[in-house]
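Below, each value reflects all heavy atoms present in this structure, side chains not excepted, and no hydrogens, waters or symmetry copies.
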Amino acid sequence: MSGARDMGAVPHCLWQVEATLGEGVLWDAASRQVWFVDIKGRRLHRCDADGGGRQTWDAPGQVSFIVRAENGALVCSLDDGLYRFIEESGAFVPLLGVEVDQPGNRFNDGHVDASGALWFGSMDDAEEQPSGALYRFNGVDAERKDAGYVITNGPAVAPDGRTMYHTDTLAKRIYAFDLAPSGALSNKRPFVELADGGYPDGMAVDAAGHLWVATFGGWRIDRFDPAGKKVGEVRFPCANVTKLAFGGDDLRTVYATTARKGLTNEELAAQPLAGGLFSFRVETPGLPQALLRLEE
């Protein structure tokens, strides 16, 4: 663990949903509910804070994240761009086409920053070509901000709003950027290189500015301080941890998605909770999830 401490948290499986590729977990504070997706299962899931009140919708494509807008709308990604999701009818309404000329790509992780802008990444669905890019959606248009990724992951922003974190999963590297109020990125630099097993996946930042990183194939979530030093970890009963979000009324409950993707039948038998939605409690709260500023 390189001096990092076991944080003592014990993840509890709230929903043994058996997601092929669980992702995109969101704490929806207004409704006190948890949203998440199964990208490869093409499903959108929602439940109460305690895992009850479950509902599932089938998606017409690979849905990879969902966010809440200031006007109450829900916005998600499908293979060819951004869509509004209509909760009452289960309809997906096109909002903005992105990378419609790259049918081999799909979208992956997304995050709304404090300014109300949505950051999201694309990736090669075959996980081979560096055709993925990082985008910023300002409520009207999406602007490409960085490129050259096979698998993009985990946009996250420091509490002061001045540092953006973004992951090159296959390279096992998390980058930091200077983030300007205009949304411009500069000074791209390595922040963390994962060396103790697994691949860095989805991320979230806590109120102390520490970065929490889910590890695919690593059986854990890591916690890094603002200098990039690993200071803690939370172990899981399944290998593929994909994304986390701070939630609950005090923002001290962590919700985390996991995946069955890539596991053999023997591994699945040994990991019966793989693909489930988990939760655990932490000492340091997270940051309130900002809402997307969506132009009408």
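When all heavy atoms of V241 and D201 are compared, the pair lying nearest together is O-CB, 3.9 Å. The shortest heavy-atom contact between A207 and P159 is O-CG, 4.1 Å.
Side-chain atoms of N105 and S131 include a donor-acceptor pair closer than 3.5 Å. Remark: the T56 side chain and the H45 side chain contain an N/O donor-acceptor pair separated by less than 3.5 Å. No hydrogens or angles considered: a donor-acceptor pair under 3.5 Å links the side chains of N108 and R106. Neither side chain, S279 nor T253, offers a donor N or O lying under 3.5 Å from an acceptor on the other. For the residue pair T169 / N153, a side-chain donor-acceptor distance below 3.5 Å is found, with atom types taken as modelled.
For the pair K145/P155, no side-chain contact is recorded, criterion being any heavy-atom separation below 4.5 Å from C-beta on. Within the 4.5 Å cutoff, no side-chain heavy atoms of H166 are placed close to those of W119. With a 4.5 Å cut-off on side-chain heavy atoms, V213 and L194 do not count as touching. Side-chain atoms of R252 and R281, non-hydrogen and from C-beta on, do get closer than 4.5 Å to each other.
Tested against D79 for a side chain to side chain donor-acceptor pair (under 3.5 Å), the candidates Q102, R42, Q62 yield a single pass: Q62. Residue F246 is tested with Y255, F280, W212, W27 for a ring pair (Phe, Tyr, Trp, His ring centres under 6.0 Å); the sole match is W212.
F278 and F236 have perpendicular rings, their planes meeting at more than 60° on a 0 to 90° scale where under 30° would count as parallel. By the 30° and 60° cut-offs, the orientation of the rings of F85 relative to W57 is perpendicular.
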